[in-house]
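Step one of this worksheet: look at the structure below.
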There are 2 protein chains.
Amino acid sequence: MKKDEQYKRLILREIYYANTLSATELSDRIGKSLPLTIRTVNHLVKEKILEPSGYAPSSGGRRPITYTINRKALYILSVSMDQLVTRISLMDLTNSHVGGIGRHELPLKNNPAALKVLATLLADAVNQSGIDRSRILGIGIGMPGFIDGMRGENYSFPMQDGTEQQTIVEYLATATGLPVHIDNDSSLIALAEYKFGIARKAANSMVVNIGWGVGLGMILNGSLFRGNNGFAGEFSHIPLFNNNKLCSCGKSGCLETETSLLVLIDKAVKGLQDGKISSLQGHFPTGEIEKDAESIMEAAAAGDKFCIELIREIGYHIGRGVAILIHLLNPRSIVLSGRGSLAGRLWLAPVQQALNEHCIPRLATQTAVEVSGLGYEAELLGSAALVMENYATPQ
Amino acid sequence: MKKDEQYKRLILREIYYANTLSATELSDRIGKSLPLTIRTVNHLVKEKILEPSGYAPSSGGRRPITYTINRKALYILSVSMDQLVTRISLMDLTNSHVGGIGRHELPLKNNPAALKVLATLLADAVNQSGIDRSRILGIGIGMPGFIDGMRGENYSFPMQDGTEQQTIVEYLATATGLPVHIDNDSSLIALAEYKFGIARKAANSMVVNIGWGVGLGMILNGSLFRGNNGFAGEFSHIPLFNNNKLCSCGKSGCLETETSLLVLIDKAVKGLQDGKISSLQGHFPTGEIEKDAESIMEAAAAGDKFCIELIREIGYHIGRGVAILIHLLNPRSIVLSGRGSLAGRLWLAPVQQALNEHCIPRLATQTAVEVSGLGYEAELLGSAALVMENYATPQ
DNA sequence: AATACTTCCTAAAAAAGTTAGAAAGTCTTA
DNA sequence: TAAGACTTTCTAACTTTTTTAGGAAGTATT
């Protein structure tokens, strides 16, 4: 790639993350000299990709001109998948959904047709948007499972029948005519929290994705850590309990057997059967896990004692796992994110309690535990950021 | 610092790690252009710091000139401390001990005079070497405890009475007139294994330091990971056991309560008291823990069943901890290093056994478990590398 | 032994970075 | 309120570094 194109991309990425920046700030962040930066910014303004947005307040000298991204110029197709539902949204570079979020039922388990379906969904989304392909930077997809982002494969859910020559990424790229990038859902949530959420600027942060399982995305030394094969963050299967509960991975006692929204629903069902009193009674369970999980978390937030107690139990178990993270990685912050963050700060007390009991005090005091404000939006933001990261990274 | 000085240091560092390199290789590694690299190398040759060492075998073209470091030009003072013993060695830049390794008893626990003693030991070592201070790049010190290398403090063993204004590093620097750098012993062992040992080129590697405790140094994305406050790697205090054994940290069930050379000695003593048969009988325990630990490991290596069984037990427990590391960080390799590596490959089977039982197979197969060949030498090498890292890092 | 093909090294041209100073502002003090 | 001191942004001249093209010194193949 030509160098000036490379610099343009770096500048675009920085403004994408920061919303509005001056030339001096840009020069600092991309590590290039001011004259070169200004020249490139001027090119981008001439191409209508950037636009001046007035003057920043002076810090004691001449006021700098600031720049923002022209939101009609470029777009990213952002995709978030779980085992049942796939969400698709075309986003501009100010993180707005251009035409709403599409929601599609697409089971991944033992579904060799999944990839074909996904490809049509993506192509449709692009076509229906009416936006020219040349103005879409790429497609970013977050999905559960063991993902090798470099190769572009999902080892847990192949989504094909196994006879094909093409990887998931290759298939989708040829089907859509756009660059495609995939990564693990929890990793992308961590990326979103680091770039746009509560972990902004926390160069060492652990993002716990409380959902149908318990995922972990790690920000280490200011970048997403993926491990040697892209498999880092298998938080949910560390052996922590002597509960003899068989886990989906074949072992027993995994963290996941005691902590996930599925466990939350299970516990609620059993508790009600045992005669516990709760505002859930009458309309629970519905059988739709999305609704059921939300009901419990909303009831807890509204003060339902039974539901609060359930969250306490699970939160405490998560905290035991988090204690291990803190010992090993000494992070600046722990962020609770994903679907489960709907229950908000109800998680904090039980998690903190576990840390008090299981962490060396000197370590525990160095780490803040926080709840995401991005919530269910996080993964779509992370998918978009994934595209931008790849767009701006020299090949 | 002037730029050409900076480039010289980068080049010196690369040759220090690789022993001998050609101009092209150097250019690649320091990320500078070939003309600039060659010019700087020529300067270094003129200053007698580098010297040409013949031609490298051609890979299909003109044979490149290779360069090595003149071993009489520059030196590093390398220090390795544990709670009882401090070792000091002046090393040249080919990792040879210039005048042997000095061994000094220096207890760190509740010893506010320790720093003063250390300062004289260091000054003596420099003076007795007869080498001019200007030719010593600096002093690197590995020590146990919570170390903040940036600030230059040891929070576990202050080594002063607490009324001083100067940090450990500041005190030693003024006392010796040389740049001083400190870091955690396990971190430095990891650095040594990564730069000179079996983990060479393994950009994601976990180095377990089996000694009087169980330390962990982590190489992540090709560099030593220290966490947000320099406290990362507190492997020994993750809660893994329901054994009700009180740990020095105040909690119970820590990994350290079941795995360390101290535990090994304890178990041997108890086993012999219970009438177990072993070649240790008669000359064990001596009360000197260094000797006792060595006796057990040597007996095991010589085939003593009782000692092998002890190592199996402890190795299995270490393996349970390592399983957690693998789940979280998906490393390329696990290296068993430190004092305990004297028992060599006897560790491998029990550790691997624990991994088979506690790891998801897909993850376990991605990680190799290996024993260090550096052994007790590792920490001194790491201390030297610490100096070189700081020497070549732009301020 | 001659030709094709690599790779290392060097010299000239192009690109990027540095530096000094002008422009445009803020803040303090008389 | 006005003048002067001080900051910071931005620009133009100069310096450093990188890139490119080509010559030198090898290896492998025919």
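Lettering of chains follows the sequences in order, A, B, ..., and the numbering in each one begins at 1.
Not counting sequence neighbours, the partners of B/P52 by the side chain to side chain contact (heavy atoms under 4.5 Å, CB included) test are B/V45, B/I65, B/Y67. Under the side chain to side chain contact (heavy atoms under 4.5 Å, CB included) criterion, A/K8 pairs with A/E5, A/T40, A/H43, A/L44, A/E47, not counting sequence neighbours. The side chain to side chain contact (heavy atoms under 4.5 Å, CB included) search around B/I136 returns B/Y75, B/L90, B/V126, B/I131, B/L178, not counting sequence neighbours.
Expressed to the nearest 0.5 Å, how far CD1 of A/I141 lies from OG of A/S78 amounts to 9.5 Å.
With a 6.0 Å radius and a threshold of 12 heavy atoms from other residues, nucleotides or ligands, A/R13 has its CZ atom above the threshold.
No close placement of the A/Y194 and A/Y17 rings is indicated, their centers lying 6.0 Å or farther apart. In this structure, B/F225 has its ring center at least 6.0 angstrom away from the ring center of A/F225.
Rounding to whole angstrom units, CD1 of residue B/I38 and C1' of C/dT7 are separated by 12 Å. Computed from coordinates, the B/Q6 CD to C/dG17 P distance equals 17 Å when rounded to whole Å.
Taking every heavy atom of residues 17-29 of chain B and every atom of DNA chain D, no pair lies under 4.0 Å.
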Under-3.5 Å N/O pairs linking protein and nucleotides 13-20 of chain D:
unit_1 : atom_1 : unit_2 : atom_2 : d
D/dT17 : OP1    : B/Y7   : OH     : 3.3
D/dT18 : OP2    : B/S33  : N      : 3.1
D/dT18 : OP2    : B/S33  : OG     : 2.8

Output a table of nitrogen or oxygen pairs between the protein and nucleotides 20-25 of chain C separated by less than 3.5 Å.
unit_1 : atom_1 : unit_2 : atom_2 : d
C/dG25 : N2     : A/G60  : O      : 3.0

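The backbone N or O of A/G54 lies less than 3.5 Å from a partner atom in the side chain of A/T66, making a donor-acceptor pair. B/R9 places a side-chain N or O within 3.5 Å of a backbone atom of B/Y391 that can act as its donor or acceptor partner.
By the 4.5 Å heavy-atom criterion applied to side chains, B/I219 and B/L224 are counted as neighbours.
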